[in-house]
Structure formats: structure tokens, C-alpha cells
There are 2 protein chains.
Amino acid sequence: MPKQTFFNLEPEKRQAIVEAALQEFAEHPFEQASLTKIVDSCGIAKGSMYQYFSDKLDLYLYIVDLAYEQKKAYVSRAFDSEGDIFAVLSEYYRLSYQFALDHPLLHQVANKFWDSRSPLLQTELEKGRLSRAKDFARVLAESMAEGKVNPGLDPEAVFFVYHAVGKELIDHFHQGCDDRFLQQVLDVLKFGLAARD
Amino acid sequence: MPKQTFFNLEPEKRQAIVEAALQEFAEHPFEQASLTKIVDSCGIAKGSMYQYFSDKLDLYLYIVDLAYEQKKAYVSRAFDSEGDIFAVLSEYYRLSYQFALDHPLLHQVANKFWDSRSPLLQTELEKGRLSRAKDFARVLAESMAEGKVNPGLDPEAVFFVYHAVGKELIDHFHQGCDDRFLQQVLDVLKFGLAARD
DNA sequence: CCCCTATGTGACCACCCAGTCATACCTACG
DNA sequence: CGTAGGTATGACTGGGTGGTCACATAGGGG
């Protein structure tokens with residue numbers, strides 16, 4: 001968590017720091033991101049950064065959280081949308097893609113975070129995964145109760161699959177992602193590989 | 001490609017180098033792996049390494065290739081196994097898991113390679129992805145011809161989904177992976193989320 | 001005016017890195 | 001023996017890193 005000093009800053013200076021950090025963390029994973037470059041690029045002294053944040057990790061987690069919260073706010077309307085679970089999921093990924101287009105830096109930061117392997121980040125990662133799983137589980141449980149979803153499936157396995165595909169989809173956003181392909185991927189998940197009678 | 005000098009080495013020395021490198025690259029992605037640690041841990045001089053490999057990347061690609069080839073050899077029998085595509089896929093992931101247990105270092109090296117983002121590695125990554133896609137496409141095409149597979153699906157989207165889920169599964173091998181869960185994940189892919197009549 | 005506190009600063013520290021190179025070593029051949 | 005070519009070596013270079021600290025600045029209250 002940033003120190004109080006950080007929040008005492010004039011907003012524009014705070015913004016400059018956030019933007020410089022976003023830029024760096026969008027480009028490099030935590031370990032390879034350079035604090036030196038961040039302070040250089042936003043024109044503050046190295047020492048000042050340590051008035052605002054206790055260390056590099058503190059800054060990183062603040063930035064990731066910021067990106068993640070913005071994404072959540074952007075994308076969560078999908079869960080309120082009408083229609084069955086398939087409509088919700090389709091909307092969810094469509095919004096995720098839109099977010100990536102609208103806020104490329106935030107998108108990349110959040111995205112890079114998901115494939116961090118540093119032990120320092122494992123607890124944070126697990127926290128994020130759980131929060132996602134909860135939203136998903138709710139929608140899935142509703143649909144299962146309504147009988148629209150294959151009742152033989154294990155909810156955990158379903159979440160696992162959607163999480164995996166979602167990650168990969170989002171990874172591929174940078175190569176563009178026409179709606180048609182997105183729909184086809186969702187169809188694979190919806191109808192399954194086995195032929196239907 | 002290693003230099004000739006490397007292949008002139010006594011096999012046990014070569015092996016020591018390979019093992020030290022495997023250890024380091026299993027633990028850290030390319031950029032964070034330390035050549036210095038590798039040479040220290042196998043007891044050769046820094047300069048010697050540059051008699052064998054032109055640079056760090058050269059060594060890395062050699063090691064990754066080695067890991068990848070061993071994995072391919074181990075896992076490819078799945079494609080020769082009898083039964084429909086679902087049996088093949090099940091066997092494929094079972095073998096992948098077995099490989100991870102039998103050769104944890106090779107597994108981790110190959111696995112870390114897949115989520116490299118370094119521009120230096122993009123062409124190599126694409127090569128690997130294509131080679132995997134080809135094997136998969138063959139089996140899929142056969143099954144589609146036989147009518148066992150949902151004909152409405154886009155083969156590219158199918159591969160995309162399986163690639164994503166496979167990556168995530170393999171990522172989670174280190175947490176253990178009972179056969180039951182694996183089967184349930186495959187069922188999600190096989191039967192799809194939508195209820196069947 | 002001074003003092004006190006909060007904040008800004010950048011030279012500096014200790015460390016780590018990939019890659020180089022002059023030198024030494026080791027054989028094998030003439 | 002000498003010499004030539006392949007190989008081993010590790011001190012060294014130049015560059016990067018996160019983090020620190022003694023000092024400078026600023027502003028408010030007495």
C-alpha cells in the first residue's frame with residue numbers, strides 16, 4: 001500500500017507517476033521492470049519514489065490493483081446482462097476485448113500479472129483467481145438450476161476450462177480478434193466436441 | 001546452435017553443462033536465468049561457455065529444444081493409440097502429466113518456454129505452435145470425417161481451445177492432478193456446456 | 001526570526017549481469 | 001625439441017539494478 005505521502009501529492013504529479021509505472025509494467029513483467037526507468041520517465045528523483053512506496057513490489061501491486069479494478073468495473077456489467085449464461089459469457093469476452101482496445105496499458109498490466117511466477121506474487125494471484133471464480137460460480141449455479149447447463153459437468157472443471165480459454169483469448173487480443181472467431185470459440189465450449197444427436 | 005567444440009567435449013562434461021542449464025532454465029525464464037550461475041554450478045569457466053555457445057540465447061534454445069524433443073518423443077505415442085479422438089486426447093494429457101512427473105526439469109523448461117514474451121523467442125514459439133497444431137489437425141480431421149465430432153465447429157477454434165486448456169492443465173501439474181479432475185475437464189470439452197437433449 | 005516537520009534529491013552502495021580477451025595450457029605432429 | 005591449433009581460464013569491462021542516506025528545500029506555527 002502506498003504511503004500517505006503519495007496521496008498528499010498534487011493529483012497531476014500522482015497521475016504522472018501512475019502513467020509512467022503503467023507504461024513500464026505493461027511492457028515488462030515485475031522482475032524485469034525497472035524502477036529507475038519509471039522515475040526517469042516521470043521526472044522524479046529515485047529517492048522520492050521511496051517516499052511514496054515502500055519498495056518496487058509495493059508500487060507494482062498498487063498499479064496492478066488499479067488496472068484490475070478498472071477492468072472489473074468495465075467488464076462486470078456482463079454479469080447483469082439479460083439472457084442465459086451463454087449470452088453472459090459472450091458479453092463478458094466481448095467487453096474484455098473492448099477494454100483491451102480502450103485501455104491497452106491497463107489491459108497489458110493486468111494480463112502480464114496473470115502469468116507471473118514470482119513467489120512474491122503467488123498469494124495475490126490466488127486472491128484474484130478466487131474472486132473471479134466466485135462471480136463465475138454464481139452464474140453457473142443459476143444456469144445449472146434452470147437446467148440449461150449440462151448437469152453431468154463438474155463446476156470446478158467448467159471454471160477451469162473457461163479460465164484457461166479466457167486467458168488465452170485475452171492473450172491473443174493484441175493480434176486482433178474478430179467477433180466471428182470469438183463466437184466460434186465460445187461455440188466449442190458451448191456445444192462440446194462430441195457430435196450431438 | 002552449439003559450436004563444434006561443445007560436441008567435442010567428453011560426454012560427462014557435456015552432461016554436466018546440460019544439467020546445470022536445465023536446472024537454471026527450469027527455475028527462471030530466459031531473461032532472468034543467469035549464465036554466471038550455470039557456469040558456477042557446473043564448475044566451468046565463464047569463458048569456456050563461450051567456446052561452446054555463441055551466447056546465452058544459443059544455450060537456451062539448445063536446452064529448450066532438447067527438452068521439447070524429449071517431451072515429444074514421450075507423448076507422441078498418444079496419437080498412435082487406438083480409440084476415438086477423445087481417447088487420444090485423454091491419453092495425450094495423461095502422458096503429459098506422466099512426463100512432468102518423470103522429468104520435472106525438462107517439463108518445467110518446456111513449460112516456461114511457452115509463456116516467454118521476449119521478442120527474441122517469438123519466431124521459435126510460433127514454430128512450436130504450428131508443429132503442435134499440425135498433429136492435432138490431423139486427428140481432428142479424421143474424427144470429423146467419421147462424424148464423431150460436432151461438424152458445426154471451426155477446427156481452428158477447436159485447436160485454440162484445446163491448446164489453451166492444455167497449457168493451463170500442464171501449468172497446474174505441479175499442484176498434482178488426479179485422473180478424476182483431468183477426466184472432468186476433458187468431459188467439459190467433450191460434451192460442452194449446453195445441456196444435451 | 002527560528003525551529004520543526006514533511007518532502008524532495010541524486011550521488012552513492014553493494015550487487016549482479018552478459019560478454020571479452022590476454023594468457024596459459026595441452027596435445028599432436030614435424 | 002619446437003611450434004601450431006584447439007581449448008580452458010577468470011579477471012575485467014561496461015552497464016544495469018534496487019535501495020539508502022546525508023543533505024537541501026519548503027512551509028507553517030510560535
Side-chain angles (χ1 to χ4, degrees), chain A residues 1-64 112 116-121, chain B residues 1-18 20-64 112 116 118-121:
Chain A
M1 222 176 27
K3 304 182 183 173
Q4 185 52 46
T5 320
F6 179 66
F7 297 109
N8 297 343
L9 251 36
E10 311 104 89
E12 49 174 29
K13 191 167 180 181
R14 215 162 49 211
Q15 195 54 33
I17 293 172
V18 166
E19 264 163 34
L22 276 173
Q23 189 75 50
E24 181 69 8
F25 289 129
E27 221 162 326
H28 306 283
F30 172 68
E31 287 91 343
Q32 282 155 247
S34 158
L35 248 187
T36 310
K37 275 185 199 148
I38 295 175
V39 299
D40 283 359
S41 106
C42 67
I44 69 169
K46 188 81 143 307
S48 297
M49 198 55 111
Y50 286 86
Q51 306 271 12
Y52 311 143
F53 298 92
S54 56
D55 55 16
K56 188 183 163 186
L57 181 62
D58 191 27
L59 168 61
Y60 180 65
L61 289 181
Y62 175 70
I63 294 294
V64 163
K112 276 217 166 45
S116 306
R117 310 251 173 225
S118 163
L120 285 172
L121 300 172
Chain B
M1 223 175 30
K3 305 181 183 175
Q4 185 53 46
T5 320
F6 179 67
F7 297 108
N8 296 343
L9 251 36
E10 311 104 87
E12 50 173 32
K13 191 167 181 180
R14 215 161 50 209
Q15 194 54 31
I17 294 172
V18 165
L22 276 173
Q23 189 74 51
E24 181 70 8
F25 290 127
E27 221 161 327
H28 306 283
F30 171 68
E31 286 92 343
Q32 284 157 244
S34 157
L35 247 187
T36 308
K37 275 186 200 150
I38 295 174
V39 299
D40 284 358
S41 106
C42 68
I44 69 170
K46 187 81 145 300
S48 297
M49 199 55 112
Y50 287 85
Q51 306 272 10
Y52 313 142
F53 299 92
S54 54
D55 56 15
K56 188 182 161 186
L57 181 61
D58 191 26
L59 168 61
Y60 180 64
L61 290 180
Y62 175 70
I63 295 292
V64 164
K112 277 218 166 43
S116 305
S118 163
L120 286 171
L121 299 172

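Throughout, a chain's letter reflects where its sequence line sits, starting with A, and its residues are numbered from 1. Note that this is a predicted model, so its numbers are computed, not measured.
Per the geometry, CE belonging to A:Met49 stands 16 Å off P belonging to C:dT7, to the nearest Å. Nucleotide D:dG18 holds its P atom 14 Å from the CG atom of A:Leu120, rounded to whole Å. D:dC12 atom P lies 18 Å from atom OH of B:Tyr50, rounded to whole Å. Summarising the geometry, the separation between CG on B:Asp40 and C1' on D:dT9 is reported as 13 Å, rounded to the nearest angstrom.
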Check nucleotides 14-17 of chain C for protein N or O atoms closer than 3.5 Å to its own N or O atoms and list the pairs.
unit_1 : atom_1 : unit_2  : atom_2 : d
C:dC17 : OP1    : B:Ser34 : OG     : 2.9

List every contact pair, protein side and nucleotides 3-7 of chain D side both N or O, where the distance is under 3.5 Å.
unit_1 : atom_1 : unit_2 : atom_2 : d
D:dT7  : OP1    : B:Asn8 : ND2    : 3.1

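The shortest side-chain heavy-atom distance between B:Phe30 and B:Leu120 falls under the 4.5 Å cut-off.
The heavy-atom pair separating A:Cys42 from A:Ala16 by the smallest distance is CB-O, 3.7 Å.
Residue B:Lys46 places a side-chain atom within donor-acceptor reach of the base of C:dA18, judged by atom type and a 3.5 Å distance cut-off alone.
Side-chain atoms of A:Ser116 never come within 3.5 Å of backbone atoms of A:Ser118 as a donor-acceptor pair (strictly under, hydrogens ignored). A side-chain donor-acceptor contact under 3.5 Å links B:Lys3 to the backbone of B:Tyr50. Checking side-chain atoms of B:Lys46 against main-chain N and O of B:Leu35 turns up no donor-acceptor pair under 3.5 Å.
No option in A:Glu19, A:Glu12, A:Lys13 other than A:Glu19 meets the side chain to side chain donor-acceptor pair (under 3.5 Å) test with A:Gln15.
Rounded to 10 degrees, the angle between the two end axes of the helix from C:dC1-D:dG30 to C:dG30-D:dC1 is 30°, with five pairs used at each end.
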Run the side-chain contact (heavy atoms from CB on, under 4.5 Å) check on A:Val64 and A:Leu121 step by step: do they pass? CA-CA 11 Å; A:Val64 163; A:Leu121 300 172; over 6 Å; no

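Ring orientation note: the planes of B:Phe7 and B:Tyr62 are nearly perpendicular, at an angle over 60° on the 30°/60° scale.
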